[in-house]
Amino acid sequence: MAPWGYSKENGPATWHKDCPIANTGVRQSPIDLITTGQTCAKYDSNLKPVIVSYPAFSEATFLNNGHSVQFQPSAGNLSELSGGPLTKKYKFEQFHFHWGNNDSEGSEHRVNGKMYPAELHLVHWNSESPNFSSFQEAVGSNDPHALCVLGFFLKVGAENASLKPITDLLSKVKNAGSSVSFPGKFDLKAVLPETLTDYYTYDGSLTTPPLAECVKWIVFKEPIEVSTAQMEAFRAVDDGHGKPITGNYRPPCPLHTRTVAASFK
Ligand SMILES: NS(=O)(=O)c1cccc(F)c1F
Ligand SMILES: [Zn+2]
């Protein structure tokens, strides 16, 4: 089977062939975050602000893996996540993006059916579990909260100076399979909104194969602004088949019996 991707031949509708959980899973991601009506997100006053400790990364690889671009710090990185709905401390693993070929599509999660032009995913794994001691083991662990992914919507507006070091590097990883070592330090904290108080949270999965159902999702209400030029830079990245990646987002999955909690009214 050709490796998975987002084209007609190898896209989300075909993933069930290698990953049956795509169709049989009951906690698949992404989902449409509905804010009113029957199955809407329910305010939970116990939900605390998310706490991130992201010292600037000094050593990292920036990679085009053919289905996204990914920023991966070296193993020594000490970045951590806690708070919010979490009861444990999580270690930062990588961040990557999902985007579309125009501003009306691209995010994986939706809000009342609305898509944003892109979505940033910060991937972490539970570093306090007795059952695994690495990201790869966490993904394969069947632990319902082995991973925690922070999702931030991107919307088009002013240029994002904090993300400029990343968007300026996209042309250097235009070809699928290419990677560069990230020059200098990168301050991820500066990319995020000041306060990490308003978010949706639910139990879900990886949104790409193997689609493991091991993710505590935290999707923030407040989008991050990027410029049109920065969005265009994502759309020029190639997928390894001589075409730009122009829609590496999975459509929303059924909620089944899940509920979505909101940390805000
Ligand atoms: N799109 S995603 O955040 O669900 C994701 C993708 C690949 C590996 C992961 F660990 C992961 F979390
Ligand atoms: Zn993702």
Side-chain angles (χ1 to χ4, degrees), residues 3-6 10-12 15 18-19 21-22 25 27-33 50 52 60-73 75 77 79 81 84 86 90-100 105-110 115-127 129 132-154 163 166 176 179 188 191-192 199-220 223-224 234 237 239 245-253 258:
W4 62 272
Y6 294 91
N10 65 7
W15 292 352
D18 271 357
C19 290
I21 202 167
R27 52 172 285 185
Q28 289 289 289
S29 293
I31 60 172
D32 188 351
L33 299 162
V50 169
V52 292
T61 301
F62 193 56
L63 157 82
N64 169 354
N65 54 28
H67 40 84
S68 184
V69 288
Q70 187 163 305
F71 178 97
Q72 184 114 24
N77 103 78
S79 296
L81 162 70
L86 305 171
Y90 285 68
K91 266 200 183 315
F92 179 86
E93 174 67 18
Q94 49 104 329
F95 70 74
H96 63 272
F97 299 84
H98 302 264
W99 63 90
E105 59 181 58
S107 65
E108 296 216 291
H109 290 91
R110 305 183 188 195
M115 270 191 271
Y116 287 84
E119 188 170 331
L120 163 62
H121 286 161
L122 309 185
V123 179
H124 308 73
W125 57 278
N126 176 356
S127 60
S129 167
F132 46 81
S133 53
S134 76
F135 165 72
Q136 292 300 345
E137 282 178 1
V139 173
S141 70
N142 274 325
D143 176 314
H145 301 144
L147 302 187
C148 177
V149 183
L150 305 186
F152 292 89
F153 294 119
L154 267 55
L163 266 180
I166 296 292
S179 66
L188 176 58
V191 173
L192 311 185
Y199 56 82
Y200 303 96
T201 185
Y202 75 98
D203 288 350
S205 72
L206 303 194
T207 67
T208 62
L211 303 172
E213 296 187 326
C214 64
V215 182
K216 172 60 85 178
W217 274 95
I218 302 176
V219 180
F220 290 86
I224 292 172
F234 283 105
V237 170
D239 67 356
I245 299 175
T246 58
N248 55 352
Y249 58 93
R250 187 189 191 191
C253 305
R258 289 178 288 179

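Atoms within a ligand are numbered from 1 in the order they appear, just like the ligands themselves. What you see below is based on every heavy atom in this structure, not just the backbone, and it leaves out hydrogens, waters and symmetry mates. Keep in mind the model is a prediction, meaning the values are calculated, not measured.
You'll find the ring centres of Tyr202 and His109 inside the 6.0 Å limit.
The aromatic rings of Phe152 and Phe220 lie parallel to each other, with less than 30° between the two planes, well short of the 60° mark.
Put simply, SG on Cys148 and NE2 on His124 are 7.0 Å apart, with the number rounded to the nearest 0.5 Å.
Note: no N/O pair closer than 3.5 Å links Gln94 and ligand 1 by distance alone. Some N or O of Thr207 is nearer than 3.5 Å to an N or O of ligand 1, by distance alone.
Within ligand 1, counting atoms from 1 as listed, the ones closer than 4.0 Å to a heavy atom of His98 are 1 (N). Applying the 4.0 Å criterion to heavy atoms of Leu147 picks out, from ligand 1, the atoms 10 (F). Less than 4.0 angstrom separates some heavy atom of His121 from each of these atoms of ligand 1: 1 (N), 2 (S), 3 (O). Here is the list of ligand 1 atoms found below 4.0 Å of a heavy atom in Val123: 3 (O), 10 (F), 11 (C), 12 (F).
Counting only heavy atoms of the protein, atom 6 (C) of ligand 1 lies nearest to Thr208 OG1, 3.4 Å. For atom 5 (C) of ligand 1, the nearest protein heavy atom (residue, atom name, distance) is His96 CE1, 3.7 Å. Shortest contact from atom 10 (F) of ligand 1 to any protein heavy atom: Phe135 CZ, 3.2 Å. Ranking protein heavy atoms by distance to atom 9 (C) of ligand 1, first place goes to Leu206 CD2, 3.7 Å.
Among the heteroatoms counted here (N, O or S) of His121, ND1 is the one nearest to the Zn ion (ligand 2).
A donor-acceptor pair under 3.5 Å links the side-chain atoms of Trp99 to the main chain of Ile245, judged by distance alone. Although no hydrogens or angles enter the test, the distance criterion places no donor-acceptor pair under 3.5 Å between the side chain of Arg250 and the main chain of Glu108. A donor-acceptor pair under 3.5 Å is formed between the side chain of Arg258 and the backbone N or O of Gln28. Not a single donor-acceptor pair under 3.5 Å links the side chain of Thr201 to the backbone N or O of Ile218. The main-chain N or O of Arg27 is found under 3.5 Å from a side-chain atom of Glu213 such that the two form a donor-acceptor pair.
Look at Val215 and you'll find every heavy atom at least 4.0 Å from all atoms of ligand 1. Distances shorter than 4.0 angstrom do not occur between any heavy atom of Glu93 and any atom of ligand 1. The shortest separation from a heavy atom of Tyr249 to ligand 1 is not under 4.0 Å, leaving the residue out of contact.
Pairing each heavy atom of Pro209 with each of Cys19, the nearest pair is CB-SG, 3.9 Å. For the residue pair Ile31 and Cys253, the shortest heavy atom distance occurs at CG2-O, 3.7 Å.
By the criterion of a heavy-atom distance under 4.0 Å, neither the backbone nor the side chain of Trp125 is placed next to ligand 1.
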